[in-house]
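Note that this is a predicted model, so its numbers are computed, not measured. Just so it is clear: chains get the letters A, B, ... in the order the sequence lines come, proteins before strands, and each one is counted from 1.
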Amino acid sequence: MATSASSSLSKAVKQQYMDLPQGDQVQAMYVWIDGTGEGLRCKTRTLDSEPKTIDDLPEWNFDGSSTYQSEGSNSDMYLIPVAMFRDPFRKDPNKLVLCEVLKYNRKPAETNLRLPCKRIMGMVDNQHPWFGMEQEYTILGVDGHPYGWPSNGFPGPQGPYYCGVGADKAYGRDIVEAHYRACLYAGVQICGTNAEVMPAQWEFQVGPCEGINMGDHLWVARFILHRVCEDFGVVASFDPKPIPGNWNGAGCHTNFSTKEMREDDGLKFIEEAIEKLSKRHHYHIRAYDPKGGLDNARRLTGHHETSNINEFSAGVANRGASIRIPRAVGQDKKGYFEDRRPSANCDPYAVTEALIRTCLLSESGEEPEEYKN
Amino acid sequence: MATSASSSLSKTVKQQYMELPQGDQVQAMYIWIDGTGEGLRCKTKTLDSEPKSIEDLPEWNFDGSSTYQSEGSNSDMYLIPAAMFRDPFRKDPNKLVLCEVLKYNSKPAETNLRKTCNKVMEMVENQVPWFGMEQEYTILGTDGHPFGWPSNGFPGPQGPYYCGVGADKAYGRDVVEAHYRACLYAGVQICGTNAEVMPAQWEFQVGPCEGINMGDHLWAARFILHRVCEDFGVVASFDPKPITGNWNGAGCHTNFSTKEMREDGGLTSIEESIEKLAKRHHYHIRAYDPKGGLDNARRLTGHHETSNIHEFSAGVANRGASIRIPRSVGQDKKGYFEDRRPSANCDPYAVTEALIRTCLLSEVGDEPVDYKN
């Protein structure tokens with residue numbers, strides 16, 4: 001059976017319970033990134049009144065030994081609320097609360113990449129860095145096989161599926177539709193969706209977001225996707241190459257611009273940024289998936305509209321390059337550029353931080369610079 | 001089939017009937033603990049008007065020979081209303097009424113542990129004892145197998161499930177969501193939920209409750225859970241070790257504090273209590289499950305974040321100890337402590353009474369003290 005047992009529990013019964021009034025009490029679901037740097041965890045607490053801002057949300061803690069984050073003998077870790085969204089599952093006044101994780105000694109957990117990202121973003125506020133990330137993903141059944149694929153074979157070759165319509169082209173659109181609405185309700189900056197080249201593969205775009213918001217909004221959009229898929233009884237995978245062979249991988253193309261790039265003649269700043277990126281390819285590859293490049297190695301082959309992981313390239317309207325300058329930007333001589341290297345399972349905090357460090361702080365070499373204070 | 005026949009009965013048909021107005025008449029569902037000390041029973045009576053307080057609810061009786069509580073030849077037992085809640089199933093103005101059970105001779109039934117608990121709580125009212133209990137449980141199908149598990153095998157090993165999201169991580173969330181809302185509506189002091197380490201295992205927390213309220217609210221929350229699971233066609237199990245081997249058991253960690261412990265310098269008082277508990281380990285083990293420790297023996301192995309049943313230990317942020325002092329309490333030098341020994345199927349009246357007797361009444365030895373009057 002491709003869908004989970006849970007998804008056959010009666011939704012009518014559930015709805016009757018969800019319709020019960022809850023008085024003044026509010027459910028706040030705290031969400032955080034676990035020790036894998038890819039997985040999300042969540043737990044809920046009752047609050048006595050609706051939090052109006054992030055400052056109304058108390059710090060919390062959790063057992064890090066159960067999330068690959070600490071040892072059992074010293075396992076308390078802290079949850080620090082950083083971004084609040086409306087809860088599309090429990091609805092108003094309930095909240096989703098994205099959190100940073102601190103270790104027992106209040107230092108950031110290994111996979112808390114938000115803290116360093118925020119510091120870097122703070123250094124370049126005045127340049128108004130905007131990001132847009134194109135999150136690709138594959139829907140799998142609980143059997144681990146792409147949803148809608150024949151259980152003991154393959155669909156017809158790629159070609160008809162990208163932006164397709166029809167039951168023989170689009171597999172699992174309900175999830176995409178539900179996710180889109182849930183994100184809009186929650187306040188996530190979702191700006192579009194499309195069916196992707198591989199059947200059961202989809203994409204949504206989040207942005208434009210300034211600075212630290214990119215990471216916050218993308219992680220919340222991912223959480224919402226996992227939760228929506230759970231309700232439908234299927235699984236969302238951000239694996240960069242779920243099926244080997246002549247099937248597309250999944251990336252997270254990242255669009256980037258500064259105020260300067262967006263203004264007249266911004267193209268020269270775009271070209272300068274690309275020049276800097278071309279000299280720091282390996283540093284970025286290491287930042288662009290949670291395994292320092294190992295995951296992306298399965299995806300960035302130079303085929304299937306990817307660049308080769310070992311080479312840096314850039315070009316106007318070139319989808320086989322590491323960096324693509326959209327044709328319209330080439331014509332208007334201003335706008336943004338697209339880094340096509342990040343993996344679908346990248347940490348957006350790591351990706352956006354790397355772009356700032358290289359392009360705006362002009363760093364070079366294999367290691368990030370340490371800025372005191 | 002993992003879900004019950006009942007759960008496939010038409011909920012639309014049922015809803016049509018439940019929407020019928022009921023005039024001034026009110027349905028009061030009387031709930032009590034049966035002869036096993038774990039099972040809950042219930043029956044309903046019609047009242048002519050809405051009861052405003054517990055005093056408006058009449059005493060009742062039932063056939064104890066059908067609940068493992070008396071002989072057939074002399075089977076009437078009394079139901080004495082003790083706590084009233086709004087009914088989340090039949091909704092306002094209907095009520096759930098938690099009751100104490102008395103034998104034919106007006107003495108408390110063997111499994112009526114509320115009576116003595118209430119007496120002990122009254123003795124220490126001025127110390128304002130607060131409790132919070134973390135109720136773990138496992139969702140089973142009607143086939144007795146954990147819900148969502150493959151029928152002829154096991155899920156992948158523990159690691160990804162604690163606080164997890166996704167159809168491959170969280171099994172049966174609908175039950176948890178429905179239960180949370182039902183408890184909020186009913187007026188049960190539910191303060192949070194999370195997915196647990198074993199798949200299909202969940203936890204909810206009730207508290208902070210003062211004195212006798214802890215037992216009342218936890219038993220009402222358990223009743224609501226059984227009733228919600230019944231609606232979905234699955235079963236809630238409080239067995240402390242439902243699956244043998246490398247799978248977590250289910251406990252009911254009990255958090256405790258007095259006014260003194262919560263005030264500045266309260267850590268001294270916490271440490272004194274732990275010292276007293278260290279000397280009375282076996283008395284507590286006997287109070288912490290309905291079989292005098294036999295149930296917990298399957299769970300408290302020293303592995304899977306439990307302490308060993310034969311040894312008492314305490315430590316800051318140590319989940320392998322009998323008593324854990326949360327890290328923040330160690331830092332603030334005041335707060336509460338967590339007794340991790342109680343089994344998921346414990347009687348909260350017995351647990352809270354034992355903590356008061358040892359920590360506040362400074363009792364020692366294997367037997368509780370008999371206080372006259």
Exercise. Roughly how far, to the nearest 0.5 Å, is OG of Ser10(A) from CG of Leu9(B)?
Worked result: 11.0 Å
Exercise. Which bit of Tyr104(A) is near chain B, if near means a heavy-atom gap under 4.5 Å: side chain, backbone, both or neither?
Worked result: both
Exercise. Out of Gly172(B), Ser7(B), Gly166(B), which one racks up the most heavy-atom pairs below 4.5 Å with chain A?
Worked result: Gly166(B)
Exercise. Under a 4.5 Å heavy-atom cut-off, does chain A meet the side chain of Phe232(B), its backbone, both or neither?
Worked result: both
Exercise. When rounded to the nearest 0.5 angstrom, what distance separates CD in Gln16(A) from NZ in Lys91(B)?
Worked result: 7.0 Å
Exercise. How are the rings of Phe89(B) and Tyr17(A) set relative to one another: parallel (under 30°), tilted (30 to 60°) or perpendicular (over 60°)?
Worked result: perpendicular
Problem set entry | Winner by heavy-atom pair count (cut-off under 4.5 Å) against chain A, out of Gly148(B), Gly192(B), Cys191(B) | Cys191(B)
For this session: Please determine if Asp76(A) and Arg319(B) form a salt bridge, counting it only when a charged side-chain N lies under 4.0 Å from a carboxylate O.
Result: yes
For this session: Hey, could you give me the OG/CZ distance between Ser4(A) and Arg173(B), rounded to the nearest 0.5 Å?
Result: 11.5 Å
For this session: Check each atom of Val176(B) against the heavy atoms of chain A and say whether the ones under 4.5 Å are side chain, backbone, both or neither.
Result: neither
For this session: Please assess Tyr78(A) against Ser328(B) for the test side-chain hydrogen bond (donor to acceptor under 3.5 Å, both in side chains), listing each intermediate value before the final yes or no.
Result: CA-CA 10 Å; Tyr78(A) 297 104; Ser328(B) 49; 5.9 Å; no
Exercise. Which heavy-atom pair separates Ala170(B) from Ser6(A) by the least distance, and what is that distance?
Worked result: O-OG, 4.0 Å
For this session: Measure Pro150(B) against the heavy atoms of chain A and call it side chain, backbone, both or neither at under 4.5 Å.
Result: neither
Exercise. Counting heavy-atom pairs under 4.5 Å to chain B, which of Arg45(A), Gln15(A), Arg227(A) comes out on top?
Worked result: Arg227(A)
For this session: Starting at CD of Glu230(A), measure out to NZ of Lys169(B) and round the result to the nearest 0.5 Å.
Result: 10.0 Å
Problem set entry | Which portion of Asp48(A) sits near chain B, non-hydrogen atoms under 4.5 angstrom | neither
Problem set entry | Heavy-atom pair of closest approach, residues Ala182(B) and Leu20(A) | CA-CD1, 3.7 Å
Exercise. Of the non-hydrogen atoms in Leu9(A) and Thr3(B), which two are nearest, and what is the gap between them?
Worked result: CD2-CG2, 4.0 Å
Exercise. Between Ser66(A) (side chain) and Val197(B) (backbone), is there a donor-acceptor pair under 3.5 Å?
Worked result: no
Exercise. Which answer fits Glu196(B), side chain, backbone, both or neither, if we ask what part of it has an atom under 4.5 Å from a heavy atom of chain A?
Worked result: neither
Exercise. Is a donor on one side and an acceptor on the other found under 3.5 Å between the side chain of Arg181(B) and the backbone of Arg90(A)?
Worked result: yes
Seminar exercise, completed: Closest non-hydrogen contact found for Ile190(B) with Thr46(A) is O-OG1, 2.8 Å
Exercise. Short question: side chain of Arg41(A), backbone of Tyr162(B) - any donor-acceptor pair under 3.5 Å?
Worked result: yes
Problem set entry | Trp32(A) side chain near Cys163(B) side chain, heavy-atom distance below 4.5 Å | yes
Exercise. Rounded to the nearest 0.5 Å, how far apart are NZ of Lys43(A) and CH2 of Trp202(B)?
Worked result: 13.5 Å
